[in-house]
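Structure, as structure tokens:
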Amino acid sequence: MKSVDQEEISRRRGIYFQGFGIYGGLSGLYDYGPYGSRIKDKVISEWKETMLSEGNVAEFDGTTITHTDVLKASGHYDRFFDYSVECESCHTKFRADDLVEKKGVPAVLDRQWLQDKIRELGIKCERCQGDLGEVKIQKLMFSVDQGEGMEPLFLRPETAQGMFVNFKEYYRFFREKLPFAMITVGRGYRNEISPRRALYRLREFNMMECESFFDPQNEMWIHDPADDVRVAFLTTDGVEIKASPKEAHEKGIVKSQPMAYFMGLALRFYSRVGIDLERMRFRKHRKEELSHYSSETWDAEALTDLGWIEITGIAHRGTYDLTNHMKHSGKDLYAQRVIPKREVNRAIKEIDYQKVKSESPESSAKIIAALKEGKTSITIGNQVIDLNRFVTEKEEKVTIDREDFVPVVIEPAFGFDRIFYTILDHNLSSREDSGYVLLKIPYTISPYNAAILPLMNKDDLDTKARSIFEDLLKKKFSVIYDDAGSIGKRYSRYDEVGIVYCITIDYDTIKGGDVTIRHRDTKEQVRIKIEDIPDYLGTDPWDGKKN
RNA sequence: GCGAGUGUAGUGUAGCGGUAGCACAAAAGCUUCCCAAGCUUUUAACCCGGGUCCGAAUCCCGGCACUCGCACCA
């Protein structure tokens with residue numbers, strides 16, 4: 001396969017291009033054009049279909065503006081500022097707080113403090129011993145101004161948090177049974193220091209994320225991992241093993257069963273959208289790459305003209321997110337498991353309301369409130385009141401058959417834009433004979449069902465073609481009409497954007513009521529009756545015959 | 001963000017102090033009975049802002065963008 005310049009063709013054919021072109025562009029912000037948007041929609045619905053077909057998966061659609069406390073709990077807020085300092089002679093960049101901590105001094109995240117400390121400790125460039133420059137601050141999340149006197153809000157750096165903070169809603173939706181998973185598709189925002197390489201690193205990007213929740217005592221998905229497709233697994237020892245997700249799990253390469261399961265789902269999705277599994281691998285994160293809360297993380301990587309790029313991350317997040325949201329919000333995000341019935345003694349406190357009322361009639365409301373909060377004393381005016389005398393402790397026997405636990409989370413997070421890039425990379429090719437470009441994406445994600453082309457632009461061929469076009473539109477097919485240029489040129493035009501079928505209206509159409517349908521990859525044609533077109537386009541009869 | 005390089009119609013390029021040319025694409029017409037045919041016509045660009053100069057796409061400065069390295073990448 002000859003190499004094709006993806007960016008050039010995407011710009012030229014309106015698949016994607018840099019945003020704000022007339023104003024000089026903005027880095028890391030790309031728009032999807034007419035063809036790109038259609039392909040995008042279809043890829044996303046393939047993903048949703050793949051995930052939702054599990055049965056115990058539901059969808060969620062959350063806001064992009066995010067409550068600041070959510071980001072404090074998730075840890076993003078603390079990483080909001082990146083304090084960097086650069087060597088003035090060799091221009092190597094370091095994290096200012098890291099340099100200070102390496103000297104055994106706990107860092108304070110403050111620009112001036114770090115600046116002073118570096119000077120005070122006489123820290124030099126680690127590489128060349130040169131002098132370090134000013135400490136600079138990089139904002140890593142985008143903030144949203146709320147107006148004067150109000151704290152700014154932030155745009156979400158990932159879609160995942162919405163699924164954690166609403167955990168109880170979903171838990172109820174699934175009638176309090178684990179495991180289940182939530183999925184969401186939406187935009188996220190990260191102020192990357194140097195966004196680069198077209199769709200690879202964006203500042204505003206599309207994510208397709210899934211959060212699955214498990215009882216840690218039974219960390220199993222409801223189905224077995226896929227066994228019908230083998231792909232490369234790259235372990236931390238640098239060993240590459242070809243295995244199916246099921247085998248990888250059984251051999252202990254992938255420890256977590258659900259993780260192996262989601263790998264299988266990911267592979268199913270990739271192949272449905274035309275990603276070449278021969279150019280895919282799962283790579284395990286080394287210890288130093290792992291987030292501190294994760295016990296196991298695998299990246300799905302695709303080989304493209306950018307090299308191996310990460311297109312999906314499957315991370316074991318443990319109980320990190322839910323625990324932190326419980327801590328920060330003070331709300332219960334537990335799930336419950338059924339345990340064998342047993343009797344336990346439970347201490348209960350009974351408040352003697354009569355006594356409160358009679359002893360301090362004017363302060364009774366305050367006292368009762370304090371008692372309910374579990375306080376043992378309260379100060380009213382300048383008098384300290386001991387609350388214990390209003391409470392009698394009792395023990396009672398209760399039967400319990402439930403216990404609380406924090407669910408563990410496994411997150412397969414798909415980066416849409418990188419997947420889109422990979423789809424184009426794996427499917428853009430040029431014909432052996434002519435060198436003309438064709439985009440061999442599957443029919444399911446092709447931007448239109450077909451292009452309707454009159455062979456000639458005269459002798460009623462055009463009016464006949466028009467009426468077929470209008471009729472297909474009415475029947476909800478996505479079709480495009482084109483009568484400009486020679487027929488070969490038009491075929492080629494639609495090859496480039498991945499349209500699988502071209503329907504040509506010729507002189508026999510007028511006589512016999514049939515048309516030719518030409519297939520993109522093989523250039524072969526079949527004749528079918530006009531009235532059979534909808535069925536034909538509905539079933540993709542060429543499926544399976546493709547190269 | 002730093003360093004180096006680059007920025008000319010939609011795309012790919014030529015011009016590199018005298019006011020922009022080519023190819024492909026696109027549009028109109030003619031022609032054409034199935035794979036970018038041909039002919040005629042047309043549309044369309046010097047990234048933005050300053051400076052030097054009689055004159056700047058060309059030289060200088062600043063910005064923006066892109067590419068490559070460094071750093072960053074939850």
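The figures that follow rest on heavy atoms only: side chains count, while hydrogens, waters and symmetry mates do not. Chain A is the first sequence line, chain B the second, and so forth, proteins listed ahead of strands; every chain is numbered from 1.
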Original post:
Can you tell me if A:Y16 and A:D417 form a side-chain donor-acceptor pair at under 3.5 Å?
Top reply: no
**OP:** Ignoring hydrogens and angles, state whether a donor on the side chain of A:Y170 or A:N166 is under 3.5 Å from an acceptor on the partner side chain.
**Re:** yes
With no hydrogens and no angle check, is any side-chain donor or acceptor of [X] less than 3.5 Å from a backbone partner on [Y]?
X      : Y      : result
A:R490 : A:G485 : yes
A:N449 : A:S478 : yes
A:E301 : A:W308 : no

Original post:
With sequence neighbours excluded, what pairs up with A:S37 under the side-chain contact (heavy atoms from CB on, under 4.5 Å) test?
Top reply: A:Y32
**OP:** Ignoring hydrogens and angles, answer whether the base of B:C34 and the side-chain atoms of A:D506 contain a donor-acceptor pair closer than 3.5 Å.
**Re:** yes
Subject >> Any donor-acceptor N/O pair under 3.5 Å between B:G69 base and A:R196 side chain >> reply: yes
Output one line per pair: protein atom, nucleotide atom from nucleotides 6-8 of chain B, and distance, for all N/O pairs under 3.5 Å.
none

Original post:
Centre of A:Y448's six-membered ring, under 6.0 Å away, within 45 degrees of the axis: is that where NZ or CZ of A:R38 sits?
Top reply: yes
Mind calculating the distance between [atom1] ([X]) and [atom2] ([N]) to the nearest angstrom?
X      : N     : atom1 : atom2 : value
A:R203 : B:C64 : CZ    : P     : 11 Å
A:D5   : B:U67 : CG    : C1'   : 12 Å
A:E7   : B:U67 : CD    : P     : 6 Å
A:D462 : B:C33 : CG    : P     : 15 Å
A:I22  : B:A45 : CD1   : C1'   : 15 Å
A:L199 : B:C66 : CG    : P     : 12 Å
A:I9   : B:A25 : CD1   : P     : 13 Å
A:L306 : B:C68 : CG    : C1'   : 13 Å

Original post:
Hey, is A:D5 close enough to A:R11 for a salt bridge, meaning N to O under 4.0 Å?
Top reply: no
Subject >> Short side-chain N/O contact from A:R13 to OP1 or OP2 of B:U11, under 4.0 Å >> reply: no
Subject >> Side-chain N,O (A:Q18) to OP1/OP2 (B:C66) below 4.0 Å >> reply: yes
When all nucleic acid strands are considered with a 4.0 Å heavy-atom cut-off, which category describes [X]: base, sugar-phosphate, or nothing?
X      : value
A:T516 : base
A:A160 : nothing
A:R11  : sugar-phosphate
A:T504 : base

[N] versus [M] - spacing of their [atom1] atoms, nearest Å:
N     : M     : atom1 : answer
B:U41 : B:G50 : P     : 39 Å
B:A4  : B:C22 : P     : 37 Å
B:A57 : B:G51 : P     : 14 Å
B:C46 : B:G29 : P     : 29 Å
B:C68 : B:A14 : C1'   : 25 Å
B:A44 : B:A28 : C1'   : 15 Å
B:C72 : B:G62 : C1'   : 26 Å
B:G10 : B:C59 : P     : 23 Å

**OP:** Go through A:R527 and A:D506 one step at a time and tell me if the salt bridge (charged side-chain N to carboxylate O under 4.0 Å, His left out) criterion holds.
**Re:** CA-CA 11 Å; A:R527 285 205 84 85; A:D506 58 19; 3.0 Å; yes
[N] pairs with which nucleotide, Watson-Crick or G-U wobble, both distances below 3.5 Å?
N     : result
B:G1  : B:C70
B:A45 : none
B:C54 : B:G18
B:G29 : B:C39
B:U6  : B:A65

Subject >> Minimum-distance nucleotide (side-chain atoms of A:E8 versus B:A65, B:U11, B:C72) >> reply: B:U11
Subject >> Residue met sooner reading RNA chain B from 5', once A:E158 and A:P195 are mapped to nucleotides >> reply: A:P195
**OP:** Return the 5'-most residue of the pair A:L29, A:S74 with respect to RNA chain B, ranking by each residue's nearest nucleotide.
**Re:** A:L29
Original post:
Between A:Y536 and A:Y501, is the gap from one ring center to the other below 6.0 Å?
Top reply: yes
Using the 3.5 Å cut-off, write out each protein N or O paired with an N or O of nucleotides 35-44 of chain B and the distance between them.
from  : atom 1 : to     : atom 2 : distance (Å)
B:C35 : O2     : A:R518 : NH2    : 2.8
B:C35 : N3     : A:R518 : NE     : 2.9
B:C35 : N3     : A:R518 : NH2    : 3.3
B:C35 : N4     : A:K523 : O      : 2.5
B:A36 : O4'    : A:K489 : N      : 3.4
B:A36 : O2'    : A:Y436 : OH     : 3.4
B:A36 : N7     : A:S492 : OG     : 3.3
B:A36 : N6     : A:E496 : OE2    : 3.1
B:A37 : OP2    : A:S486 : OG     : 2.2

**OP:** State whether the number of non-hydrogen atoms from other residues, nucleotides or ligands found under 6.0 Å of A:I510 atom CD1 is greater than 12.
**Re:** yes
Subject >> Interatomic distance, A:H328 atom NE2 to A:H67 atom NE2 [nearest 0.5 angstrom] >> reply: 12.0 Å
